[in-house]
Each structure stands twice: as C-alpha cells, then as structure tokens.
Participant: 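First the structure, which I've put down as structure tokens, then a few questions once you've had a look.
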Amino acid sequence: MYKAPRGTSDILPQEQTYWKYVEEKAAFLCQLYGYQPLTTPILEDAQLFARTVAGGTDIVDKEMYTFEDRSGQKLALRAEGTAPVCRAYLEHGLFNLPQPVKLYYIGPAFRYERPQAGRYRQHHQFGYEALGEADPALDVEIIEMAQRFLLSLGFSEFSIQLNSIGCKLCQPKYREALRQHYSNYTTYLCPDCKVRLLRNPLRLLDCKKISCQKIAETAPKITDYLCPECQAHFQSVQQYLEALVIPFQLNYRLVRGLDYYTRTVFEIEPHEEGAQSALGGGGRYDNLIEQLGGKHTPAVGFAAGIERLILNLKKQKIKVSVLPKPIAFIAYLGEEAKIEAIKLAFELHQAGIAVIKATGDKSLKGQLRQANSLCTNYAIIIGEKEVKNHTAVLRDMITNKQKTIPLAEVISSLKQN
RNA sequence: GUGAGCGUAGCCCAGUGGUUAAGGCGCCAGGUUGUGGCCCUGGAGAUCGUGGGUUCAAAUCCCACCGUUCACCCCA
C-alpha cells in the first residue's frame with residue numbers, strides 16, 4: 001500500500017472545516033487592509049532560497065528539497081514564502097506601482113525535517129508582505145494585522161514578542177560585542193553554541209540550555225548597540241503600538257531564524273507551552289530585495305503556520321463554522337423512478353440547489369440511512385406511484401413530516417428554504 | 001542528525017509463547033412487498049508494519065528496516 005510521504009498528510013473533508021475557516025479569516029483580514037493575493041510557483045530556482053535565507057540556518061544547509069530537472073536546472077521546492085514574493089515583485093516590475101505594494105499568500109512550504117507535533121515536511125503558510133516602504137508605521141500595521149488575525153480566529157491567550165536586530169551598520173558591531181562576551185565562556189558553551197559563536201552569534205541568545213542561558217543573561221543587549229536611525233525606528237514602532245494599545249513584550253533574546261531580517265522582528269507565542277509553539281512571526285527585511293538584484297527596497301512582513309493555528313484551535317476547543325452541505329437527498333425505487341430521479345437532480349443542480357442523488361439501487365431504507373448520515377434537511381422520494389402521478393414525496397428529515405407534491409413544485413419548495 | 005515510546009480491520013483498541021485473534025465505532029443486509037435516527041439480529045472487513053531469527057509452536061521473545069508519536073535540534 002502507498003502512503004503519503006513522511007511528514008506530509010492528506011487533509012480529509014472533516015479537517016477542511018478548520019482550513020476553510022482559517023483561510024476565510026485570512027482573506028478577510030487582507031481585504032480589510034488592502035493586501036492583494038499573490039500565488040507563486042511551488043518550484044523556484046534553488047538559488048533564490050540559498051542566497052536569501054542562507055547563513056547559519058539549517059533551512060538551506062540541510063532542509064531544502066532540491067533537485068535537477070531534465071534540463072539540468074537546479075530547482076527547489078518552496079522553503080518559505082517571503083523570497084518568492086520578492087522575486088515576483090522584481091520580475092513583474094511591481095516597484096513601478098505606488099509604494100508600498102501589499103501582497104498576501106497562502107500555500108505550502110517544504111522542509112526536510114524530522115516530523116513532530118506542529119512540524120511537518122510539507123506545511124502551509126499564510127503570510128503577507130508590504131514592500132517598498134520604510135515607515136515604522138508599516139511595521140506596526142503588520143503586527144496589528146497579526147493580532148487582529150489571531151483575535152478573529154478566536155484566540156485570546158497569546159503574546160507578541162518584539163525586538164530590533166539593527167541594520168547593516170549597527171548589527172556587525174553588536175555581533176562583535178557578543179562574540180567578545182561569549183569568547184570569555186567558550187569552555188562552558190554547549191557544542192551547538194560553539195558553532196553558533198563562529199557562524200551566527202545572534203543565535204547564541206536563544207539557546208535553551210540553562211548553562212548557555214546564564215551566559216546570555218549577562219550578554220550585551222542589541223538595543224544598546226543600535227545606530228541612531230535604528231534606535232529611532234524601534235522607538236517609533238513601540239510608540240505606535242502603545243498608541244493602539246497593542247500589548248507587546250520586549251524580548252532582547254528574540255532572533256528570527258531567517259537571516260534576512262533587519263530592525264523589527266516579532267513572534268507570536270501562545271500561552272500554552274509546547275516545543276513547536278510559535279504561531280507565527282515576521283519582521284522587517286530591508287536588504288532582501290537588494291540581495292535579489294533589485295535596488296534598495298525596504299519591506300516588512302508576517303507569516304503564520306496554518307497547521308499550528310489549527311492545532312491550537314483544537315487545543316483551545318475553539319468552535320469553527322461548518323461548511324455548507326446539500327439540502328436534500330433524492331431516493332428512488334425502481335428503474336422508471338431512477339430516470340425521474342436523475343432528471344430531477346439535473347434540474348435542481350441547474351437551479352443552483354445543492355442535492356445528492358442516490359445511486360446503486362439500494363433499498364429505500366438504505367437510501368434514507370444514507371440521507372440521515374449526510375444530514376440533509378430533506379429527502380425526496382420517487383417510487384412507482386410518484387412516477388405515474390408525476391409527483392414526489394418531500395420528507396422533512398428534522399420534523400419527520402412528509403407530503404406528496406407535484407414534481408414541478410420540488411424546486412420552488414426547496415427554494416423556500 | 002540525536003534520544004525515547006508505540007505499530008493488531010477505515011477508526012478506537014483487548015490479547016505478552018499454545019485451538020477458528022476478542023470487543024466497540026463505522027460500513028452492508030434483514031427485522032416493515034416503499035421510509036432514516038433508537039433498538040434487535042446477521043454479515044463483510046486483519047498477509048497482527050515489513051523482512052529475518054529463536055522455538056515443536058510467535059501478534060506475543062530477539063535483530064534489522066520502515067512508519068508513527070514525543071523530546072532535542074531547527075522552525076511556521
């Protein structure tokens with residue numbers, strides 16, 4: 001038997017209620033703020049991710065799905081959502097539109113990781129990006145939207161962690177300061193942190209090992225090293241958030257996984273504990289588009305993992321709206337009635353009324369059982385008598401009342417509901 | 001990539017060396033020559049994850065692989 005590949009899963013109809021719920025809230029939010037949908041290919045040039053995400057991140061080092069196609073081109077399955085959006089922005093000259101350009105996407109991302117709760121090899125991200133504007137008010141809009149999105153889903157218990165990791169000018173100085181601080185403690189560092197010290201010192205801060213955390217406590221803070229411009233930007237972000245009364249926690253240890261971030265970074269944590277906890281995160285990436293060959297274009301965005309959102313919706317027992325289902329089930333008895341049933345279903349569908357017709361010549365009892373399990377409000381029954389009289393039995397499955405009506409009146413009767 | 005737990009029907013699961021592998025949900029049929037849900041009766045459905053080994057005998061013990069879950073790592 002074939003199985004879905006490791007770390008991937010089928011999303012069965014029962015699950016789809018959650019998915020549609022999340023997708024609808026996402027689309028509504030973006031429409032509310034004027035972010036337009038963008039769908040990018042699942043395949044990209046492997047270099048797109050290698051160049052932008054790179055730098056001491058596992059994503060590129062060992063988690064990318066890359067392969068050569070028949071022409072020898074190196075392709076990669078989408079590893080994250082932001083770089084493709086930037087690629088599309090450049091490729092289609094969206095920088096010629098009035099800036100900022102506001103876009104959103106919902107789609108799969110692939111990473112070759114060991115699957116775990118809230119972590120899959122194929123997962124789905126909802127993200128939105130505002131490209132071409134450096135105003136801290138835009139950082140705040142992105143955060144504000146994230147908060148509104150989670151509230152609209154029904155979450156109430158979550159915190160917004162906020163930090164600034166500076167820019168090209170100030171970050172190197174801070175990295176150096178960190179390096180100096182940590183090099184006094186190299187013998188106490190865990191093996192992973194010894195590597196981080198060399199490759200990506202910022203990540204030293206979020207090591208979970210207690211021994212390493214102690215060293216992080218006394219480490220210099222990025223906020224003391226920000227250049228005046230980054231400092232002012234960070235102050236404005238906080239000021240605007242306060243004006244909106246959006247609660248946030250400054251977290252000097254917050255360092256996002258992807259390497260392209262500058263200045264504002266933020267993450268949304270549910271209060272409920274769990275290893276794979278972050279519901280989403282984002283930040284500013286003022287250098288990414290330049291890295292991709294465009295001119296200097298500041299940008300900021302957010303992404304959330306749909307599977308994790310759904311996991312938390314279930315954990316917190318948040319009710320989601322159910323999907324619409326057909327209103328009636330059409331049952332028949334005998335070959336002549338079957339033809340009438342097929343014709344009736346055709347006409348109902350033509351009239352835009354959702355119905356399911358029986359197939360397979362089952363007993364009436366069996367057909368009504370099926371109607372029952374489908375939870376339709378009505379059953380329409382056509383037997384020999386009804387064929388002769390050009391009628392149908394319309395049975396209300398909730399009240400148990402039924403009446404015989406002319407075939408021609410079935411549509412209007414159902415339309416009343 | 002590291003560590004630990006678990007793999008018995010579509011789903012939940014009993015069975016820890018000895019007849020035809022038990023039960024519940026679901027599915028199908030019957031109990032009403034044309035009426036669902038509740039109830040009753042019957043039925044179908046399992047190479048006991050895969051391969052190898054130990055044994056007279058393996059779902060049960062051992063090994064390997066695969067899958068899955070949880071944690072580390074990493075991240076959404």
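To find a chain, count down the sequence lines: A is the first, B the second, and so on, and within it residues start at 1.
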Participant: Can you name the side-chain contact (heavy atoms from CB on, under 4.5 Å) partners of A:Leu323, sequence neighbours left out?
Facilitator: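 Listed in chain order: A:Gln16, A:Thr17, A:Lys20.
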Participant: Which whole-number value in Å describes the distance from A:Ile310 CD1 to B:A76 P?
Facilitator: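 In whole Å, B:A76 P lies 18 Å from A:Ile310 CD1.
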Participant: Assign A:Gly334 to base, sugar-phosphate, or nothing according to its heavy-atom contacts below 4.0 angstrom with the strands shown.
Facilitator: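 Result for A:Gly334 = nothing.
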Participant: Would you please name every residue forming a side-chain hydrogen bond (donor to acceptor under 3.5 Å, both in side chains) with A:Glu23, sequence neighbours left out?
Facilitator: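 For A:Glu23, no residue satisfies side-chain hydrogen bond (donor to acceptor under 3.5 Å, both in side chains) once neighbours in sequence are set aside.
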Participant: Judged by each residue's nearest nucleotide on RNA chain B, which is more toward the 5′ side, A:Pro115 or A:His123?
Facilitator: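 Nearest-nucleotide comparison on RNA chain B picks A:Pro115.
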Participant: At less than 3.5 Å, do the side-chain atoms of A:Glu113 and the base atoms of B:A76 form a donor-acceptor pair?
Facilitator: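 For A:Glu113, whose side chain was compared with the base of B:A76, there is a donor-acceptor pair (under 3.5 Å).
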Participant: Between B:G3, B:U35, B:G37, which nucleotide has the shortest distance from any of its atoms to the side chain of A:Arg114?
Facilitator: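 Output: B:G3.
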Participant: Between P on B:C75 and CZ on A:Arg121, what's the gap in Å once rounded to a whole number?
Facilitator: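 About 17 Å, once rounded to whole Å.
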Participant: Atom CD of A:Glu129 to atom P of B:A76: distance rounded to whole Å?
Facilitator: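 Value for this atom pair: 12 Å.
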Participant: Contact class for A:Phe126 (heavy atom, under 4.0 Å): base, sugar-phosphate, or nothing?
Facilitator: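 Here A:Phe126 touches no strand at all.
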Participant: Reading nucleotides 26-32 of chain B 5' to 3', which nucleotides get B (base under 4.0 Å from a protein heavy atom), which S (sugar-phosphate only), which -?
Facilitator: --SBBB-
Participant: Would you kindly give the OH-to-C1' distance between A:Tyr378 and B:G37, to the nearest whole Å?
Facilitator: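 It is 18 Å, rounded to the nearest whole Å.
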Participant: Check residues 120-140 of chain A and write down every donor-acceptor pair under 3.5 Å in which the side-chain atom is one partner and the other belongs to a residue at least two apart or another chain.
Facilitator:
residue: A:Tyr120; atom: OH; partner: A:Gly118; partner atom: N; Å: 3.4
residue: A:Arg121; atom: NE; partner: A:Glu113; partner atom: O; Å: 2.6
residue: A:Arg121; atom: NH2; partner: A:Glu113; partner atom: O; Å: 3.2
residue: A:His123; atom: NE2; partner: A:Gln125; partner atom: NE2; Å: 3.0
residue: A:His124; atom: ND1; partner: A:Glu307; partner atom: OE2; Å: 2.8
residue: A:Tyr128; atom: OH; partner: A:Ile142; partner atom: O; Å: 2.8
residue: A:Tyr128; atom: OH; partner: A:Ala146; partner atom: N; Å: 2.9
residue: A:Glu129; atom: OE1; partner: A:Tyr285; partner atom: OH; Å: 2.4
residue: A:Glu129; atom: OE2; partner: A:Thr82; partner atom: OG1; Å: 3.0
residue: A:Glu133; atom: OE2; partner: A:Asp135; partner atom: N; Å: 3.0
residue: A:Asp135; atom: OD1; partner: A:Ala137; partner atom: N; Å: 2.7
residue: A:Asp139; atom: OD1; partner: A:Arg284; partner atom: NE; Å: 2.9
residue: A:Asp139; atom: OD1; partner: A:Arg284; partner atom: NH2; Å: 2.7
residue: A:Asp139; atom: OD2; partner: A:His233; partner atom: NE2; Å: 2.9
residue: A:Asp139; atom: OD2; partner: A:Thr264; partner atom: OG1; Å: 2.6
residue: A:Asp139; atom: OD2; partner: A:Arg284; partner atom: NE; Å: 3.0

Participant: Considering only atom P, compute the distance from B:G43 to B:G7 and round it to an integer number of Å.
Facilitator: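 Taking atom P in both B:G43 and B:G7, they lie 30 Å apart.
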Participant: When rounded to the nearest Å, what value does the distance between C1' atoms of B:U55 and B:U41 take?
Facilitator: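 To the nearest whole Å, 43 Å.
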Participant: Is there a donor N/O on one and an acceptor N/O on the other, under 3.5 Å, for the side chain of A:Glu63 and the base of B:C73?
Facilitator: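 No pair found.
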Participant: Taking only the C1' atom of each, what is the distance from B:C6 to B:G49 in whole angstrom?
Facilitator: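 Going atom to atom, C1' in each nucleotide, I get 12 Å.
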Participant: Identify, residue by residue, the members of residues 12-28 of chain A with a heavy atom below 4.0 Å from RNA chain B, and return them in order of residue number, or none.
Facilitator: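 Under 4.0 Å from RNA chain B: no residue of residues 12-28 of chain A.
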Participant: Without decimals, in angstroms, what is the distance between A:Leu368 CG and B:G34 C1'?
Facilitator: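 That distance rounds to 9 Å.
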Participant: Which heavy atom of A:Val85 sits nearest to which heavy atom of A:Gly81, and what is that distance?
Facilitator: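 Looks like CG2-O, 3.3 Å.
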Participant: Could I get the full list of salt bridge (charged side-chain N to carboxylate O under 4.0 Å, His left out) partners for A:Lys314, not counting sequence neighbours?
Facilitator: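 A:Lys314: salt bridge (charged side-chain N to carboxylate O under 4.0 Å, His left out) contacts with A:Glu15.
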Participant: Suppose we screen for side-chain contact (heavy atoms from CB on, under 4.5 Å). Which residues come up paired with A:Leu153, at least two apart in sequence or across chains?
Facilitator: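 Here the qualifying residues are A:Tyr21, A:Val22, A:Lys25, A:Phe149, A:Leu150, A:Phe155, A:Leu309, A:Leu313.
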Participant: Please report the distance, rounded to the nearest Å, between CZ in A:Phe302 and P in B:A76.
Facilitator: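 Atom-to-atom, A:Phe302 to B:A76, this comes out as 11 Å.
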Participant: With a non-hydrogen cut-off below 4.0 angstrom, is A:Leu279 in contact with a base, only sugar-phosphate, or nothing?
Facilitator: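 Counting heavy atoms under 4.0 Å across all strands, the contact made by A:Leu279 is with sugar-phosphate only.
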Participant: What nucleotide, of B:U35, B:C75, B:C70, holds the atom closest to the side chain of A:Arg111?
Facilitator: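 Output: B:C75.
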Participant: Can you name the side-chain hydrogen bond (donor to acceptor under 3.5 Å, both in side chains) partners of A:His296, sequence neighbours left out?
Facilitator: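 So A:His296 forms a side-chain hydrogen bond (donor to acceptor under 3.5 Å, both in side chains) with A:Glu290.
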Participant: The criterion is side-chain contact (heavy atoms from CB on, under 4.5 Å); which residues satisfy it with A:Lys173, sequence neighbours excluded?
Facilitator: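 With neighbours one apart ignored, the set is empty.
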Participant: For RNA chain B, write out the stems as range with range, using runs of 3 or more consecutive Watson-Crick or G-U pairs with both distances under 3.5 Å.
Facilitator: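 Runs of three or more consecutive pairs: B:1-7 with B:66-72, B:10-12 with B:23-25, B:27-31 with B:39-43, B:49-53 with B:61-65.
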Participant: Please state the P separation for the pair B:A14 and B:C28 - nearest whole angstrom.
Facilitator: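 Nearest-Å result for B:A14 against B:C28 at atom P: 27 Å.
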Participant: When rounded to the nearest Å, what value does the distance between P atoms of B:G5 and B:C62 take?
Facilitator: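 Roughly 12 Å separates the two P atoms.
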Participant: When you measure only distances, ignoring hydrogens and angles, does the side chain of A:Arg119 come within 3.5 Å of the base of B:C70 through a donor and an acceptor?
Facilitator: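 By the distance-only test, no, there is no pair.
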Participant: Between B:G1 and B:C65, how many Å separate the two P atoms, rounded to a whole number?
Facilitator: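 It works out to 12 Å between them.
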Participant: Please find the pair of heavy atoms, one from A:Ile327 and one from A:Thr376, that lie closest to each other, and give the distance.
Facilitator: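 The answer is O-CB, 3.5 Å.
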Participant: Distance between the C1' atoms of B:G37 and B:C25, in whole angstroms?
Facilitator: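 Looking at atom C1' only, B:G37 and B:C25 are 16 Å apart.
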Participant: Holding to side-chain contact (heavy atoms from CB on, under 4.5 Å), I want the full list of residues that pass it with A:Ile246, two or more places apart in sequence or in another chain.
Facilitator: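 For A:Ile246 the side-chain contact (heavy atoms from CB on, under 4.5 Å) partners, ignoring immediate neighbours, are A:Glu144, A:Gln147, A:Ile160, A:Leu241, A:Leu244.
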Participant: Rounding to a whole Å, what distance do you find between A:Leu150:CG and B:A76:C1'?
Facilitator: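 After rounding, the reported distance stands at 12 Å.
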Participant: Report the distance from atom CE of A:Met397 to atom P of B:C38, rounded to the nearest whole Å.
Facilitator: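 The answer, rounded to whole Å, is 12 Å.
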Participant: Hey, mind stepping through A:Cys167 and A:Asp286 against side-chain contact (heavy atoms from CB on, under 4.5 Å) and telling me if it holds?
Facilitator: CA-CA 8 Å; A:Cys167 65; A:Asp286 290 344; over 6 Å; no
Participant: For A:Arg78 and A:Thr40, does a side-chain donor sit closer than 3.5 Å to a side-chain acceptor?
Facilitator: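 Yes, a side-chain donor-acceptor pair sits under 3.5 Å.
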Participant: Which value, in whole Å, describes the distance between the P atoms of nucleotides B:C56 and B:A21?
Facilitator: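 Roughly 23 Å separates the two P atoms.
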Participant: Give one of base, sugar-phosphate or nothing for A:Glu384, where a contact means two heavy atoms less than 4.0 Å apart.
Facilitator: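 Base: the residue A:Glu384, judged by heavy atoms under 4.0 Å, touches a nucleobase.
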Participant: Would you tell me if any nitrogen or oxygen in the side chain of A:Gln402 comes within less than 4.0 Å of OP1 or OP2 on B:U35?
Facilitator: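 It does not, given that no N or O in the side chain of A:Gln402 lies less than 4.0 Å from OP1 or OP2 of B:U35.
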Participant: Can you pull the ring pair (Phe, Tyr, Trp, His ring centres under 6.0 Å) pairs that have at least one residue in residues 323-361 of chain A, sequence neighbours excluded?
Facilitator: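 Every pair satisfying ring pair (Phe, Tyr, Trp, His ring centres under 6.0 Å) with a residue in residues 323-361 of chain A: there are none.
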Participant: For a side-chain hydrogen bond (donor to acceptor under 3.5 Å, both in side chains) with A:Tyr33, tell me which candidate from A:Lys102, A:Arg148, A:Glu141 qualifies.
Facilitator: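 When side-chain hydrogen bond (donor to acceptor under 3.5 Å, both in side chains) is applied between A:Tyr33 and each of A:Lys102, A:Arg148, A:Glu141, only A:Arg148 qualifies.
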Participant: Could you check A:Val393 against A:Ile398 and say which one's nearest nucleotide on RNA chain B is further toward the 5' end?
Facilitator: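 Of the two residues, A:Val393 wins.
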Participant: Counting only side-chain N and O atoms of A:Arg6, is one of them less than 4.0 Å from OP1 or OP2 of B:C66?
Facilitator: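 A:Arg6 to B:C66 OP1/OP2: no side-chain N or O under 4.0 Å.
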